[in-house]
Protein chains: 2
Amino acid sequence: MQPLPNKSHRATGRVTLSDVARAAGVSPSTVSRALRGERAVDPALIERVTAVSRMLGYVPDPAARALASQRSDHVAILIPLLSNALFVDLLDAAQTTLRAAGYQTLMGVTHYDASEEEQLLREQLLHRPAGLLVTGLDHNPATRKLMASSQVPCVHLMDLPAIGQHDEAHCVGFRQTDAGAAMTRHLLSKGYRRIAFAAAQLDPRVMQRLYGWRNALQEAGLYEPTLEWLNPAPSSLALGGVLFEQIMQQSPSVDAIFFCNDDLAQGALMAALRLGIAVPSQVAIAGFNDLTGSDQMLPTLTSVRTPRARIGEAAAQMLLTLMRGEEPSSPQLDLSFEIVQRQST
Amino acid sequence: MQPLPNKSHRATGRVTLSDVARAAGVSPSTVSRALRGERAVDPALIERVTAVSRMLGYVPDPAARALASQRSDHVAILIPLLSNALFVDLLDAAQTTLRAAGYQTLMGVTHYDASEEEQLLREQLLHRPAGLLVTGLDHNPATRKLMASSQVPCVHLMDLPAIGQHDEAHCVGFRQTDAGAAMTRHLLSKGYRRIAFAAAQLDPRVMQRLYGWRNALQEAGLYEPTLEWLNPAPSSLALGGVLFEQIMQQSPSVDAIFFCNDDLAQGALMAALRLGIAVPSQVAIAGFNDLTGSDQMLPTLTSVRTPRARIGEAAAQMLLTLMRGEEPSSPQLDLSFEIVQRQST
DNA sequence: CTGTTAGCGCGTTCAA
DNA sequence: TTGAACGCGCTAACAG
């Protein structure tokens, strides 16, 4: 059956709920209930209403719906940066899942700035989002208060709370500390003894990887403060090269370097080629996140594969559950990580 | 002065326009006009209203505003992929500019699929966006019709129409054909004679670069169909390596390869290192877009620097002009490009 | 220049 | 289970 031409008498020319009601011979409220699948409505009616609305080409108006119900079809997502592929992958996966469920994604970029995050959240809450996705568990008090008082269901991405902390928070991710320790132990098992940790950006997750590395080295009795190379600048290939040169110059006895992110490690590999430093025979290099290109490097880069796409999707799924008013089977989902051993170690 | 506690008598507890009107002793419409900076309002009043609204902590409700005015504070942006840094840069810049002007960005990912683009546009138009940003000038008829009939101001990204075509369309970008030709002529000027063109994804902009390359070679009397290596698969470092190996095996006489995107070229450089093929002495390699890492390769990669961030920002600016009901000084803005000569050629 | 009136399109009471 | 009435918060058309 073809959609009929617009029979509305509205000034805007839109087909409205009332148009459907009139055509179906029922009240607007019934149409509203039927179309939203609210129970307590005659199955026969719901079928008739559905048919008529399809025939008329009726589509609900999100603004009207938001105004009346105090809840929009938006889901707000807060990520630190768009210049890090990690977060883009998260965004991509979450957005795809949410759209399939009929939600629009409102993205906010915090630039790792707590007060910008707060401001963004404030703006987004004005749109009365149906749900909220935020990166990490670390937020300033005002932000936490906003999230709590808004009553909007919220899922945290990437990170899992330390045991006994934030137990009520919904999150999907993996334990960054464990991942840092795991890679370090892997390097130890390969026989490396002077393992440096080189990091940039220094966001909370990077710091947790640092702690993991520290713990693992301390357990092995191999920790030394001079093995830490921390740089607060944004992460990049170029910076990786710079860090690599610094470390090789100032600590030539280092036999392995664990970079907190693959872009740094890739930059280090390129610098090694340039400087004629043999990897891994002279020094081993490991990265984190297993980003695009790491398997194409020379030598190919050992890294920690993190399931960012799956995190984005699973977090969106958990949020969908919460938005339906249900509880997920567990408030915390650990998607773990995987050591990818390649030629650079 | 501190914001007063909420004086609203509304069920929702929200401070509304009427609350401000009451407190200021004027009518709601006056408040509405004053706050939106509509002229034809007494300067004294607008000051009083502003003061009162700030004191009460009044914030307009976007949903109510959208319902009443038939226009939301959303701007929809359609891009092909989130897995290509090019489009993410575009998104980042546009989003930043738009947010500063008080607009929320609704992003849609088309996956280079014309019907998905159409469907996304349909969904987004339901939200009555104040403006529209789309990638490229190529859209299916239904999409073009939607854009036209919606009356929503629209700016096209990245591409400029061929002379005499789409003259009315608003766009910000550069001439892809010219860029392709410019790099080819640059290679010719360096003495290369058998210049292959290797491409993936094959979207309309890639094809235009191809035409530019073709024209330049034909002018020089050096064109041969066997120099074209087109692969419809998505672009990636790995694919660049594969293409490079193919070309070197099947056309060993090629002395330069122009890749349609830097990720392919970077992959080719890595493959060359792996295979022990000297770049540029045995074969030169050039890329396109000057993506992250191209200046860190070994050898560093010659490329075409494209002003994607500036395109995103300028397009957003042009859209802001259109949304104000004004006309930009010119409907088409050419931001050009730049050949970046590095070691690989 | 300002106020009054009338919606925008829908969800949500409450009665029936 | 259904319908009537009302309200969500704001803009727009018109009158003054």
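The distance from atom CZ of Arg36(A) to atom P of dG9(C) is 18 Å, rounded to the nearest whole Å. As rounded to whole Å, 13 Å separates atom P of dG9(C) from atom CG of Leu126(B). Arg128(A) places its CZ atom 15 Å from the P atom of dG11(C), with the value rounded to the nearest Å. When rounded to the nearest whole Å, the span between CG of Asp19(A) and C1' of dC8(C) equals 13 Å. In this structure, the CZ atom of Arg14(B) is 18 Å from the P atom of dG7(D), given to the nearest Å. Residue Leu17(A) contributes atom CG, which lies 13 Å from atom C1' of dT12(C) at whole-angstrom precision. Leu35(A) has its CG atom 13 Å from the C1' atom of dG9(C), to the nearest Å. Taking atom CD on Glu38(B) and atom P on dT11(D), their separation rounds to 9 Å, with Å as the unit.
For the residue pair Tyr103(A) and Asp73(A), no side-chain donor N or O sits within less than 3.5 Å of a side-chain acceptor on the partner. Between the side chains of His74(B) and Gln104(B), no donor-acceptor pair of N or O atoms lies under 3.5 Å. One side chain, Thr30(A) or Ser27(A), offers a donor N or O that lies under 3.5 Å from an acceptor on the other.
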Enumerate the protein-to-nucleotides 1-3 of chain D contacts in which both atoms are nitrogen or oxygen and the separation is below 3.5 Å.
| unit_1 | atom_1 | unit_2 | atom_2 | d |
| --- | --- | --- | --- | --- |
| dT2(D) | OP2 | Asp42(A) | N | 2.7 |
| dG3(D) | OP2 | Ser27(A) | N | 3.0 |
| dG3(D) | OP2 | Ser27(A) | OG | 3.2 |
| dG3(D) | OP2 | Thr30(A) | OG1 | 2.5 |
| dG3(D) | N7 | Arg33(A) | NH2 | 2.8 |
| dG3(D) | O6 | Arg33(A) | NH1 | 3.4 |

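Distance alone, capped at 3.5 Å, is enough to place a donor-acceptor pair between the Ser72(A) side chain and the His127(A) backbone. Between the side chain of Ser150(B) and the main chain of Leu146(B), a donor-acceptor pair closer than 3.5 Å is present. Distance alone, capped at 3.5 Å, is enough to place a donor-acceptor pair between the Arg36(B) side chain and the Ser32(B) backbone.
One finds the OG atom of Ser330(B) at 6.5 Å from the CE atom of Met318(B) (value rounded to the nearest 0.5 Å).
Ring orientation note: the planes of His156(B) and His139(B) are tilted relative to one another, at an angle of 30° to 60°.
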Table please: side-chain donor-acceptor pairs of residues 129-137 of chain A below 3.5 Å, with sequence neighbours left out.
| unit_1 | atom_1 | unit_2 | atom_2 | d |
| --- | --- | --- | --- | --- |
| Thr135(A) | OG1 | Leu78(A) | O | 2.8 |

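For DNA chain D, the neighbouring residues in residues 61-70 of chain A, judged by any heavy atom under 4.0 Å, are Leu67(A), Ala68(A), Gln70(A).
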